[in-house]
Amino acid sequence: MKASVAFSVLVSAAASATPLQPLVERQGSTGTGPYPAKYTTDPGLPNHTIYVPQNLNAVNGTMPVVVWGNGACSANGLSQANFLTEIASWGFIAIASGGPNQQGSTTAAMMKASIDFASSSTSGVFAKVNKNAIAAAGWSCGGVEAYEQAQDARVKALGIFNSGQMSEDGTRKVVPYIKGKPVFYFLGGPSDIAYNNGMRDYRALSSGVPSWNGNLPVGHGGTYDQVNGGKFGKAAQLYFRWVLKGDTSVSSFFTGDGARADGWTVERKDLDKIKV
Ligand SMILES: *[C@@H]1O[C@H](CO)[C@@H](O)[C@H](O)[C@H]1NC(C)=O
Ligand SMILES: *[C@@H]1O[C@H](CO)[C@@H](O)[C@H](O)[C@H]1NC(C)=O
């Protein structure tokens with residue numbers, strides 16, 4: 001648990017350095033995708049923040065779901081607003097644990113509640129949901145919450161952002177048992193407090209699990225707060241478009257040189273096993 005505390009403390013410290021501002025100011029834009037996005041809430045899923053395209057009627061096809069755990073396990077669902085708005089703008093529903101500006105901490109059970117809700121809702125912003133295309137992801141402490149959904153058959157992909165299992169024991173007990181779904185790591189280089197954790201996990205994955213790790217040398221804070229979530233936002237939307245929407249036209253970012261051109265140092269295994 002020590003590293004979990006370390007992840008939380010570090011990210012909290014970074015977050016408290018910048019006082020919370022209203023979303024309009026925090027949000028640099030509405031995302032780079034074809035569907036300008038926003039956040040909303042649903043009384044059926046209290047204590048969560050839901051990012052969706054502003055005009056659902058404009059969305060072609062169905063919308064996969066990304067359930068997200070915030071850095072520091074913060075219960076403020078706007079903590080990574082720029083990043084999640086970017087993902088939603090590509091025709092996704094992104095559900096952060098924690099309501100807008102809520103205080104306190106999230107739990108992995110809140111992420112499971114997001115999965116339950118997305119799997120059973122068919123109205124409102126969920127009218128076009130694709131409940132067969134759900135990914136669990138999170139930053140730092142939130143990434144550990146995502147790991148807790150790894151054995152859920154409804155979860156088709158995992159995204160571990162500046163995170164990893166706390167201990168070698170955690171790695172041994174969790175990571176080799178993940179089967180049949182891609183697991184991608186988005187890390188901040190050797191100065192990232194979670195670098196060793198994420199790299200250790202990447203190496204512990206079973207053979208045959210499609211996996212990728214990228215390090216952008218920006219440290220633990222990533223680029224989530226930049227306009228459109230910066231390079232982490234771009235890499236994330238490309239990952240989810242590939243594995244949840246089956247858009248193979250963007251896969252070369254990972255299989256080819258796209259990520260490297262963006263400054264990521266990359267390793268990859270078994271990406272040919274991604275079935276879309
Ligand atoms: C939402 O959060 C509030 C405040 O922490 C809590 O009292 C309430 O039980 C939570 N609701 C659900 C459904 O978890
Ligand atoms: C959605 O479909 C309409 C009608 O075919 C098309 O004009 C539009 O470009 C499509 N939008 C996207 C983002 O693919």
Side-chain angles (χ1 to χ4, degrees), residues 8 12 15 20 23 29-81 84-121 123-130 133-134 136 138 141-142 144-146 148-149 152 154 228-229 233-234 236-253 276:
S8 324
S12 312
L20 193 62
L23 184 71
S29 76
T30 54
T32 65
Y35 311 116
K38 63 172 185 182
Y39 78 87
T40 184
T41 56
D42 190 309
L45 187 64
N47 303 337
H48 290 73
T49 305
I50 305 172
Y51 296 81
V52 282
Q54 292 171 9
N55 181 359
L56 291 171
N57 293 328
V59 177
N60 294 337
T62 58
M63 294 197 288
V65 179
V66 176
V67 298
W68 178 257
N70 304 309
C73 292
S74 161
N76 178 5
L78 302 184
S79 306
Q80 279 86 71
L84 295 173
T85 303
E86 168 65 8
I87 293 170
S89 77
W90 289 94
F92 290 85
I93 302 170
I95 310 176
S97 294
N101 294 317
Q102 191 173 327
Q103 300 195 334
S105 298
T106 59
T107 61
M110 291 171 73
M111 189 179 278
K112 181 176 177 295
S114 299
I115 299 169
D116 291 343
F117 197 72
S119 300
S120 58
S121 303
S123 61
V125 299
F126 290 89
K128 291 184 176 177
V129 67
N130 180 356
I134 299 177
C141 184
V144 180
E145 293 181 345
E148 296 207 27
Q149 321 305 324
D152 190 323
R154 299 171 297 178
N228 299 315
K234 176 181 172 185
Q237 54 90 349
L238 292 169
Y239 173 47
F240 295 128
R241 283 164 71 194
W242 181 18
V243 300
L244 296 181
K245 280 187 177 260
D247 185 349
T248 51
S249 73
V250 298
S251 60
S252 65
F253 185 82
V276 291

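We count ligands from 1, going down the list as the structure has it; atoms in each ligand are counted the same way. FYI, the numbering just counts along the sequence from 1.
Note that atom 9 (O) of ligand 2 has no protein non-hydrogen atoms nearby, at separations under 4.0 angstrom.
Each of the following atoms of ligand 2 lies closer than 4.0 Å to a heavy atom of Asn60: 1 (C), 2 (O), 3 (C), 8 (C), 10 (C), 11 (N), 12 (C), 14 (O). Residue Pro34 has at least one heavy-atom neighbour below 4.0 Å for each of these atoms of ligand 2: 13 (C).
A donor-acceptor pair is defined here as one N or O able to donate and one able to accept, closer than 3.5 Å; such a pair exists between the side chain of Ser29 and the backbone of Gly31. Judged by distance alone, with hydrogens and angles left aside, the side-chain atoms of Asn76 form no donor-acceptor pair with the main-chain N or O of Gly98 at under 3.5 Å.
For Gly104, the heavy-atom gap to ligand 1 stays at 4.0 angstrom or more.
The protein heavy atom nearest to atom 5 (O) of ligand 1 is Gln102 NE2, 4.4 Å. Atom 11 (N) of ligand 1 has as its closest protein heavy atom Asn47 ND2, 2.8 Å. Of the protein's heavy atoms, Pro46 CG, 3.5 Å lies nearest to atom 13 (C) of ligand 1.
Note on ring orientation: taking the six-membered ring where Trp is involved, the planes of Phe117 and Phe126 are perpendicular (angle over 60°, cut-offs 30° and 60°).
Rounding to the nearest 0.5 Å gives a distance of 10.5 Å between CZ of Phe92 and CD of Glu86.
Glu145 and Thr106 form a side-chain donor-acceptor contact under 3.5 Å, judged by distance and modelled atom types alone.
Summarising the geometry of Trp68 relative to Met111, their closest heavy-atom pair is C-CE, 3.6 Å, with the distance given to 0.1 Å.
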